[in-house]
Amino acid sequence: MHHTGLEIDHVSKRYGDVVALQDMTFEVRPGELFGFVGSNGAGKTTTMRIALGVLAADAGEVRWAGAPVNLDTRRHIGYMPEERGLYPRMKVAEQLVYLARLHGLGAREATRSVDTWLERLGVAARRDDEVLKLSLGNQQRVQLAAALVHDPAILVLDEPFSGLDPVAVDVMSEVLTEKCAHGVPTVFSSHQLDLVERLCDRVGIVRGGHMVAVGTIDELRAGGSDQLVVHAPDAPADWADALPGVTVARLEAGRTVLELKPDADDQAVLRAALATGPVHEFARRRPSLTELFREVVSEHTHTDAPQGRAA
Amino acid sequence: MTAPTGLTGLSNTAAIRLIAGRELKVRLGSKAFRIVTLIMVIVVVALCIVLKLISGGSSGDTVGYTPANAAAAGQLPAVATAIGQTVHVKAVADDAAGEAAVRSGDLDALLTTGTNGQLTVVVKKNIDDTLKNTVNILAGQLAFDQQISKLGGDPAKVRAATADATATVRPLEPPFPYQTQQLILGIAAGVLIYMSLLLNGQSVAQGVVEEKSSRVVELLLATIRPWQLMTGKVLGIGLVGFVQILAIAVAGIIAGLSTHVLTISASAAVGTVIWLIVWYLLGFFMYAVVFAGLGALVSRQEDIGGVTAPALMFLIVGYVLGVSILPGDPSSHLMEVLSVIPVFAPTVMPMRLAMGGVAPWEAVVSIALVAALIPLLIWLAARIYRNAVLRTGARVKLGQALRAA
């Protein structure tokens, strides 16, 4: 192991009797975009707050480049808290310069960086407006700028996409991808799983304060069965029931979704479908992150006892 | 990949200076602050001018007299002076002319002779107590003169002999000679310091809650330590209040001296301002850190009042007792005791200092006690602040905030 990225190592946190995190462990490598997914209350925000030192962990450690994260290294993290936070009555540019300077930037450098990011994120025209006069979407852009103005070496973003319009989503995606390309380990949480699937190199699925699956989308898919979508309008409902290694998962708008065991013969399925009449669609489909997520989360619901509410 | 070296670490002073700088910039730049300060300066200056006009206009009562009472009226100013009053006398042609002048307000009273030959005073409605005293003494003196004349003596000689016959007073503990001006100055100092502590102390609590309710505190605490944030905020707001109180005090003293409402020496005036500033700073730091700690317990501006009420009580009690007792009884024992108790000292001591008569040891002890209490309060408040400032939602219990590690 190189230990060059951000490591969350067996971090635990409890609030009284409520377990918020239990042995939370994962790593975000340099140049990697890591998607952090999980139901509400699964422990994503708590993990990020601990990484930022805003909360103290009961056990475990957060390391960066092999060394425990302290106040000095934290200044190199760009952070976007879940509960957006800016001074409502302070002007946009003034506020961002202030935040950049708290991260250790000099006055001139801070101003230059703020101008660059306001331009880049499309809110340069509002630089002298008070934050509370901005629309929610624009406030969100300013919030992102606040996470970026000090040219962070790590990005930790809690729900950066929530509340954004499609254009802003594109801008945000672009910025994150670009930061990663520059070697910045980036972790963000999101409920928009299609977006996570599209953007992230690796994904971690968290449940009950514990990481239950982590890896690339392909790795997460491994072991799961493949799906086959067949559109044969004249086929009777039970046309595929007799095929070996094949089960009917569900019907979707006239299409049959089949699950195939690894040794099942898809050509036999096609022949059986053609035997019923015309076939308009015959496609192999790999499960989406949404499906994987449901699978992983429901699987664990059956196997572990609920661990209570977590922040 | 190695840790980038682009960002220099922020020293404690640099962090605190940045935070205090933001407070200064935001507050000094705010319209509300400028307007309040300007209004307070105007009020102080206007007060001096009004006092000047009032004191110029009232220079004692004017009493008219009919020709028959000229002799009695001649003695009136001297009698008035003897009991510390000023009375002017003015001759009128007859009773009718005199009564008309009293009715119109040109004269405060008219000395005339009643039907039974007695000295009579005609007034519009009521006679004020001091004038009544003066005339009664005059009447007594006239009767006395008459008796002396009857017995063959010379009233003028008797009067001259009794005038010098006063008992010599030798106090064992000479009381401090309080002057009205200094009493007024003391009240002004009390009002000013009370308002400053109240406004700026509340500002600190509001500032803490603003950061909490807007959640910006989470972003800030990812880069700086809680105590740095608290210290920077308290220093920044304290400096704003300092500028404000200095402006008002200097404007007031200049206005007072230049309109001659204040006739104390310039050095005494400067002394009052210096004491005011010293006690503002001591009082501010004492109360502001407490307000910062208490403010951190709540997440909504509406809850500030409730949570800061206990600390506010000390401030209010000290002030209210001070302004109600000290003007009438500047050497009150109760106030002497309160003025050295740290929680009351910032409001009571500056009043006493401006009024004068504070023993040096009292001034030293009160400052020393407050100065000793401040570090303890900072420690306590920083602990509460650190434990409570990130807990949004319901009000955090004080005990919980103190206990939590």
Side-chain angles (χ1 to χ4, degrees), chain A residues 2 4-5 29-31 45 48-49 51-56 64-67 70-91 94-95 97-107 109 131-132 143 146-147 150-154 156 158 183-185, chain B residues 1-12 14-27 29-33 206-229 232-233 236 299 301 386-387 389-393 400 404-405:
Chain A
H2 308 289
T4 49
R29 298 165 191 151
T45 296
M48 293 188 174
R49 286 177 139 193
L52 264 297
V54 170
L55 267 182
W64 180 41
N70 59 27
L71 196 66
D72 279 330
T73 42
R74 263 177 215 129
R75 295 216 170 94
H76 300 282
I77 304 181
Y79 178 43
M80 192 162 168
E82 180 194 27
E83 308 263 13
R84 307 295 184 235
L86 292 169
Y87 288 104
R89 295 206 165 273
M90 207 171 162
K91 289 173 184 167
E94 213 172 279
Q95 172 144 225
V97 169
Y98 173 64
L99 290 173
R101 296 201 62 195
L102 280 182
H103 281 88
L105 246 61
E109 245 181 309
V131 169
L132 68 99
Q143 193 82 50
H150 55 287
D151 193 19
I154 307 173
V156 177
D158 204 348
V184 174
Chain B
M1 198 176 123
T2 53
T5 48
L7 299 182
T8 48
L10 214 52
S11 68
N12 286 340
I16 291 169
R17 198 179 306 145
L18 263 175
I19 296 156
R22 191 197 83 88
E23 297 294 342
L24 270 177
K25 199 171 170 188
V26 168
R27 282 164 208 278
S30 89
K31 240 184 236 159
F33 171 81
Q206 280 161 9
V208 168
V209 175
E210 181 199 16
E211 281 167 3
K212 237 187 128 172
S213 63
S214 72
R215 316 281 183 150
V216 75
V217 68
E218 193 166 332
L219 213 53
L220 300 177
L221 291 187
T223 60
I224 49 169
R225 295 193 165 85
W227 72 265
Q228 294 173 328
L229 182 55
K233 183 168 281 295
S299 308
Q301 297 287 349
R386 184 178 67 230
N387 290 326
V389 78
L390 282 166
R391 293 205 218 163
T392 43
Q400 236 176 1

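First the proteins, then the strands, lettered A, B, ... as listed; each starts at 1.
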> Looking at CD1 of I16(B) and CG of L229(B), how far apart are the two atoms once the value is rounded to the nearest 0.5 Å?
Replying inline: 10.0 Å
> Who wins among L220(B), V216(B), L390(B) for the most heavy-atom pairs under 4.5 Å with chain A?
Replying inline: V216(B)
>> Shorter than 4.5 Å, heavy atoms on both sides: which option in Y98(A), Y87(A), Y79(A) has the most such pairs with chain B?
In response: Y87(A)
> Between P226(B), A15(B), A222(B), S30(B), which has the largest tally of heavy atom pairs under 4.5 Å with chain A?
Replying inline: A222(B)
> So, do S299(B) and S213(B) sit near enough that their side-chain heavy atoms are less than 4.5 Å apart?
Replying inline: no
> Do the side chains of L71(A) and I224(B) get nearer than 4.5 Å, heavy atoms only?
Replying inline: no
> Can you tell me how far the CD atom of Q228(B) sits from the OG atom of S11(B), to the nearest 0.5 Å?
Replying inline: 8.5 Å
> Picking from R89(A), M80(A), E94(A), which has the most non-hydrogen pairs under 4.5 angstrom with chain B?
Replying inline: E94(A)
>> Is E210(B) close to chain A through its backbone or its side chain, or both, or neither, when contacts mean heavy atoms under 4.5 Å?
In response: side chain
> Does any heavy atom of chain B fall under 4.5 Å from the side chain of A146(A), the backbone, both, or neither of them?
Replying inline: side chain
>> So which residue, L55(A), L52(A), L99(A), L86(A), ends up with the most heavy-atom pairs under 4.5 Å with chain B?
In response: L86(A)
> Going through the checks in order, is the side chain to side chain contact (heavy atoms under 4.5 Å, CB included) test met by Q143(A) and L219(B)?
Replying inline: CA-CA 10 Å; Q143(A) 193 82 50; L219(B) 213 53; 3.8 Å; yes
> Side chain, backbone, both or neither: which part of I154(A) has a heavy atom under 4.5 Å from chain B?
Replying inline: neither
>> Between R22(B) and M90(A), is there a side-chain heavy-atom distance shorter than 4.5 Å?
In response: yes
